[in-house]
Each structure stands twice: as C-alpha cells, then as structure tokens.
Amino acid sequence: MPMAALNKSERNILIITLALIGLFVFSLLYAKNKYQSNVPQCLPYDKAYTQPKITQLDSNTYQVFVVAQMWQFQPSEIYIPVGSEVDFFLTSKDVVHGFNISKKNVNMMAVFGAINKTTVKFEKPGVYDIICHEFCGIGHQNMRAQVIVNYPGAK
Ligand code: CUA
C-alpha cells in the first residue's frame, strides 16, 4: 500500500482546489489579454524617488511620478494632450493611500517604501478625477487630483 494513501474525498477536494486555482489564473490571463488591462507592477525599491514630477518622453508618452501623503497627491494637476500614454509611478510618504482614476479602471495602493506602476492611455478629452479610496485619516475625503486631457486652456 502506498505511503499516506488519500481517501477518496480528500483526493476529490484536492482536484477541485487545483481546478479552481487553475481557473483563477486562467481568468486573470484571459482578462489581461482580452481587455488589454495593465496588471500593476511593483518595482524594486532601489528605483525610489521622493519628488513628484512629470516627464515627457515624446509627443504622447509621459511618466508621472506621484507622491501621496496626508492628504494630497502631488502633482495634483496633470495636463496632457489627448491620445497620451502615461506611466504612473506611485509611492507614499506616510500611510497607505488609494489611487483610483475615474473612468479608467485603475486601482492601486500607495505604500511607503514601495513603488507601484501602471500604464494608462487617455483617448478621450476630459477631466479624470483621481481619488484616494483607502481611508487614511481625517482629511481622506478631500484627497484628490486630476488628469486634464486637452481641456480648454491646457498647456
Ligand atoms: Cu489618502 Cu484616503
């Protein structure tokens, strides 16, 4: 008799569990390809930055280095032309903050000592609100910023 033989129900539970894990991984990869969703990355801390900044790489590619702190995002206004692709880098100076871009399916956490990154393409003009959706203290509900895409008066 083999060592530690499984009884039938144990074996069934194992099979169901592995099938479910497989289904979750498959769903994630399927959604990533089908909806071209950008799975956020966590970058190594050696690329840490402490100052917020906006860098233009070419006519429609930008890098935005966002610093979250109680209770603001910097930069708080990001002006870009329509059709821009923006790499958002995100970190926090203090507690954990949320980073949600309206109409853009972006949901990240700003964490002290870590950098999260995602890429977003802005194909329609308008004002996209960024809100902190992780309770971070007394000023939480006022913690917001804006991405302004081809807004009249934008530079
Ligand atoms: Cu920052 Cu809520």
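One-based numbering, in listed order, for ligands and for the atoms of each. Position 1 is the first residue of the sequence; numbering continues from there.
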cation_pi(Lys104, Phe122) dist<6.0 Å, angle<=45
yes
Test ring pair (Phe, Tyr, Trp, His ring centres under 6.0 Å) applied to Phe89 - qualifying residues, sequence neighbours left out:
Phe65
How would you list, by chain and number, every residue that makes a side-chain contact (heavy atoms from CB on, under 4.5 Å) with Ser9, sequence neighbours excluded?
Asn7
Validate the cation-pi geometry between Lys103 and Tyr128: distance from NZ or CZ to the six-membered ring centre under 6.0 Å, angle to the ring axis within 45°.
yes
Around atom 2 (Cu) of ligand 1, number of protein N/O/S atoms which are nearer than 2.8 Å
4
Check side-chain contact (heavy atoms from CB on, under 4.5 Å) between Gln141 and all other residues, then give those that pass, not counting sequence neighbours.
none
With no hydrogens and no angle check, just 3.5 Å: does a side-chain donor-acceptor pair link Ser84 and Asn60?
no
